[in-house]
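Before any comments, here is the structure.
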Amino acid sequence: MNLLNHVAIIMDGNGRWGLRYKNSRNLGHKEGLKTVEKIIKSSIRNKIKFLTLYAFSTENWKRPKKEINYLFNLLENFLTSRLDDIHNQKIKIKILGYKKFSKKLNNLLNYAEKKTIKNTKLQINLALNYGSKLELINAFKEIKRGKIKINEKNLEKYLQTKNIPDPDILIRTGNTKRLSNFLLWQLAYSEIFFEKKLWPAFTEKDYIKIIKEYKNIKRNFGRI
Ligand code: IPE
Ligand code: IPE
Ligand code: MG
């Protein structure tokens, strides 16, 4: 049986769900947040230590301003109203990606990270304005600047996932099979699950099914 330490999720399909059931992409994002809460609770119950959630990519800036504003408002309201609860549950928040948002949101994200830094129950890595290619380019720039030897170990020290083990599982909901610039280096040996359901429709039952399936996979890492 494989141990499960780290789950990464591409939470895709909010827009389509919203359009289909509420005639609004934004209401799909709102509903998607409910799934986030369910999956956080279930991760704790399943003793998962790291949960990485792809919430906004470096490419998502190409979306209409109205949708982008809605998403960041949603995040701001969520963190403002739930941070104490998150902290009480001993959850640690870490942002992956570059904090280039409004001053208010940047401050809030920094505050959430600082407040929860010592928590050890579950670490949530929230990928926000995250892009794997940008992360790798910046890591190589740093290595070059420091005249540091290029090898796996050194490169990993300059990734935003420094000190975070690689994901055991990647889940992508929303019925598309692609990585969309997410953790290209870190997913080298992850078990990948593409889920047809849209993110707001994804349930704890679906999550548990994936976890069970993962536990029985023979992971080779190149061996036989
Ligand atoms: C994923 O859902 C969430 C974000 C990118 C913020 P989408 O908004 O991409 O939903 P679809 O893929 O358009 O349905
Ligand atoms: C990936 O979803 C990014 C997030 C879930 C945050 P997208 O909906 O942006 O991916 P593409 O554009 O369909 O590949
Ligand atoms: Mg999408």
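Worth saying up front: this structure is predicted, and the values here are computed from it rather than measured. First listed ligand is number 1; within each ligand, the first listed atom is number 1. Heavy-atom basis, side chains included; hydrogens, waters and symmetry copies ignored.
- Other residues, nucleotides and ligands contribute more than 12 heavy atoms inside 6.0 Å of the CZ atom of Phe78.
- In this structure, Leu96 and Ile164 approach most closely via the heavy-atom pair CD2-CD1, 4.4 Å.
- Heavy-atom proximity to Phe56, at under 4.0 Å, picks out these atoms of ligand 2: 6 (C).
- The atoms of ligand 2 that sit less than 4.0 Å from any heavy atom of Ile10 are 1 (C), 5 (C).
- Note on Asp12: its N/O/S atom closest to the Mg ion (ligand 3) is OD1.
- At a cut-off of 3.5 Å, with distance as the only test, no side-chain donor of Asn106 or Ser102 sits close to an acceptor on the other residue.
- Of the protein's non-hydrogen atoms, the one nearest atom 10 (O) of ligand 1 is Gly15 N, 2.9 Å.
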Check step by step if side chain to side chain contact (heavy atoms under 4.5 Å, CB included) holds for Ile192 and Arg172.
CA-CA 8 Å; Ile192 302 183; Arg172 181 178 187 136; over 6 Å; no
Derivation of the side chain to side chain contact (heavy atoms under 4.5 Å, CB included) call for Ile124 and Leu53:
CA-CA 7 Å; Ile124 298 179; Leu53 301 173; 4.2 Å; yes
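- Heavy-atom distances between Thr176 and ligand 2 stay at or above 4.0 Å for every pair.
- Near Asp12, the atoms of ligand 1 lying under 4.0 angstrom from a non-hydrogen atom of the residue are 1 (C), 2 (O), 7 (P), 9 (O), 10 (O), 11 (P), 12 (O).
- Using a 4.0 Å heavy-atom cutoff, Gly174 is absent from the residues neighbouring ligand 1.
- The proximity of Leu198 to ligand 1, defined as any non-hydrogen pair under 4.0 Å, does not occur for either the backbone or the side chain.
- Evaluated by nearest non-hydrogen atom to atom 13 (O) of ligand 2, the leading choice among Lys62, Arg178, Glu59, Arg63 is Arg178.
- Residue Arg16 has at least one heavy-atom neighbour below 4.0 Å for each of these atoms of ligand 1: 11 (P), 12 (O), 14 (O).
- Heavy atoms of other residues, nucleotides or ligands lying less than 6.0 angstrom from CG of Asn23 number 12 at most.
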Going through the distances and angles, do Leu75 and Phe56 end up as a side chain to side chain contact (heavy atoms under 4.5 Å, CB included)?
CA-CA 11 Å; Leu75 174 69; Phe56 196 87; over 6 Å; no
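- When only modelled atom types and interatomic distance are considered, Glu156 and Trp185 share a side-chain donor-acceptor pair under 3.5 Å.
- Atoms of ligand 2 found under 4.0 Å from any heavy atom of Ala55, numbered from 1 in the order shown, are 6 (C).
- The protein atom (non-hydrogen) at minimum distance from atom 9 (O) of ligand 2 is Asn60 ND2, 2.9 Å.
- Given atom 3 (C) of ligand 1, the protein heavy atom at minimum distance is Met11 O, 3.5 Å.
- Within 6.0 Å of the NZ atom in Lys99, the count of heavy atoms belonging to other residues, nucleotides or ligands exceeds 12.
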